[in-house]
Asker: 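Before I ask anything, here is the structure I am working with.
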Protein chains: 2
Amino acid sequence: MKKIIKQYFNVAVSVDNVVFGFDADGLKVLLISRGSEPFPGSWALPGDLISPEMDLEYSAERVLKQLTGLDQLFMEQIQTFGRVDRHPFGRVFTIAYFALIKVEQYHPQASSWAKDVAWFKVTEIPTLPFDHREILEYARRELKNRIRTQTLVFELLPKYFTLTELQFIHESILEEEFDVRNFRKKTLSSGIIEETGKLQKNVTHRPAKLYRFNASKAKQLDFEGGIL
Amino acid sequence: MKKIIKQYFNVAVSVDNVVFGFDADGLKVLLISRGSEPFPGSWALPGDLISPEMDLEYSAERVLKQLTGLDQLFMEQIQTFGRVDRHPFGRVFTIAYFALIKVEQYHPQASSWAKDVAWFKVTEIPTLPFDHREILEYARRELKNRIRTQTLVFELLPKYFTLTELQFIHESILEEEFDVRNFRKKTLSSGIIEETGKLQKNVTHRPAKLYRFNASKAKQLDFEGGIL
DNA sequence: CAAATATATTGTAAAAAGTACAATAATTAG
DNA sequence: CTAATTATTGTACTTTTTACAATATATTTG
């Protein structure tokens, strides 16, 4: 028993969070500037070693909150990375999580050993330490899959949104373009998006109709997949 | 630094393998009879603590080989489970993997601390220790997803197979039934299954045509999804 | 106020895919 | 030869997907 402890109970586990944010500019990822070893000064995914006393799911939320102040996000596990040499301090397995938020509705603040926090467009990511680049790429692929099989997009939209915005999100995430007419036909026919009667304000062109996601209808229809 | 080691490098990581097997009887799972603490005598997923010196992917294969003799399987990671109290010896995170094989082509042999090894129909699983039941259920859901989005079924079939067998596999895994005519139309139209000109032998009824999976055609067509 | 600019909105026809449904064929066993 | 067993096949209908461009509504500019 002592032997077992010595032999096996000597590794560490961390979580790394890929927080995707969306605004008019497109899809972004939240990174922190590391203020401690290893790789101080480097931009990295907000992640940290986790303490043995906490459940895994809760640890992911807690680490994110400690480093960025973000709380109460809907986080999903994506994959565990366990290459032997991925961390210079020793054997560290890391479990990657991802979350999706509206950039304008949250105000991340660097704290704990995070010296700064900032959004980066997914197309302009700086060099990342550890295997964070690999984790991020995996998360992007996974995001594409899940956006097609879960009703996730509405996490990225304000309560009232235009169909153009809805289409822009899909195009940004999936990195492909859709025909406007077909996109509208398909999304509206899903039955989970409804007109509000309201119109866009303060735009310098024809104002678009505002729609809203009908969550209870979605539940009632047992609607699961993405809307495309 | 010393502090960090003491505070964080004191947990363990294990892998648990969900090996699905298929034969005329349907879908099965490979379990071992545990010959060591904790839960000796209990049937469980073949899994074990992993040593800090090995890459994660490789560990999964190695654990499986040690306990069951199975080697060279195509294994995929599914999910990590990290409830605080999931293991009585201390904090153990476990990373679940799954594999798919033809029952008749492998001959698992219990070794190391596994005292026995046996196939169990997925509908007749005994009580499992740890959170193995939860892991198994997760794996079954995941299998359904992946059978629809990856070209996995052929792992479960002999080189030459009948369309009836192909349909039976789908029905067993997805737990739903398909119309014979529509099933054949759809699978054949995928273009990745080809006639061999051969017929079933030694059957007591009209012999079925034997087909084969055309892997190079699949690659050429960049065929990715399941065939249903 | 007319024209320019910018974005929003809408329909239709053709093709492809999915669905529902049952009779006939080929083999062995008796 | 008959019964039993499983294999094989087609068609009409519905639904979904795809391709494609003209008109509408607002603001800004001259």
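Lettering follows sequence order; numbering is per chain, from 1.
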Asker: Looking at residues 187-200 of chain B, who's got a heavy atom less than 4.0 Å off DNA chain D?
Answerer: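 DNA chain D contact set from residues 187-200 of chain B: none.
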Asker: For Gln72(A), look at atom CD and say whether over 12 heavy atoms of other residues, nucleotides or ligands are found less than 6.0 Å away.
Answerer: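 No, because the 6.0 Å sphere around CD of Gln72(A) holds 12 heavy atoms or fewer from other groups.
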Asker: Is the shortest side-chain N to carboxylate O distance from Glu124(A) to Lys28(A) below 4.0 Å?
Answerer: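 So Glu124(A) does not pair with Lys28(A) through a salt bridge.
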Asker: What is the per-nucleotide protein-contact pattern of nucleotides 16-24 of chain C, from the 5' end, where B denotes a base atom under 4.0 Å from a protein heavy atom, S denotes such proximity for sugar-phosphate atoms only, and - denotes neither?
Answerer: --SBBBB--
Asker: Decide yes or no for Leu228(A) and Phe183(A): does some side-chain heavy atom of the first lie under 4.5 Å from some side-chain heavy atom of the second?
Answerer: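 Leu228(A) reaches Phe183(A) side chain to side chain.
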Asker: Tell me the interatomic distance from His205(A), atom NE2, to dT9(C), atom P, rounded to whole angstroms.
Answerer: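 Spelled out: NE2 on His205(A) to P on dT9(C) is 10 Å.
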Asker: Are any non-hydrogen side-chain atoms of Leu166(A) and Ile227(A) less than 4.5 angstrom apart?
Answerer: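 Contact flag for Leu166(A)/Ile227(A) side chains = yes.
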Asker: Answer yes or no: is there a side-chain heavy-atom contact under 4.5 Å between Asn17(B) and Leu70(B)?
Answerer: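 No, every pair of side-chain atoms sits at 4.5 Å or beyond.
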Asker: In terms of the nearest nucleotide of DNA chain D, which residue is placed more toward the 5' end: Thr162(B) or Thr204(A)?
Answerer: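 The residue whose closest nucleotide sits nearer the 5' end is Thr162(B).
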Asker: Can you identify which nucleotide, out of dT27(D), dT28(C), dA26(D), has its nearest atom closest to the Pro207(A) side chain?
Answerer: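 That would be dA26(D).
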Asker: Given atom NZ of Lys201(A) and atom P of dA8(C), what is their separation to the nearest angstrom?
Answerer: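 Taking NZ of Lys201(A) and P of dA8(C), I get 17 Å after rounding.
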Asker: Could you tell me the separation between the CG atom of Leu136(B) and the CZ atom of Arg140(B), rounded to the nearest 0.5 Å?
Answerer: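 It comes to 6.5 Å.
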Asker: Once you measure the plane-to-plane angle for Trp43(A) and Phe120(A), does it fall in the parallel (<30°), tilted (30-60°) or perpendicular (>60°) bin?
Answerer: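 Perpendicular.
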Asker: Could you please name the option among dT8(D), dA29(C), dA6(C) that lies closest to any side-chain atom of Arg184(B)?
Answerer: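 In terms of side-chain proximity for Arg184(B), the closest of dT8(D), dA29(C), dA6(C) is dT8(D).
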Asker: Just wondering, are more than 12 heavy atoms of other shown residues or ligands nearer than 6.0 Å to NZ in Lys102(B)?
Answerer: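 Yes, enclosed.
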Asker: Could you state the NZ-P distance from Lys209(A) to dA24(D), rounded to the nearest angstrom?
Answerer: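 After rounding, the reported distance stands at 14 Å.
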Asker: Just how far, in rounded Å, is P of dT10(C) from CZ of Phe183(A)?
Answerer: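 The distance from CZ of Phe183(A) to P of dT10(C) comes to 15 Å, rounded to the nearest Å.
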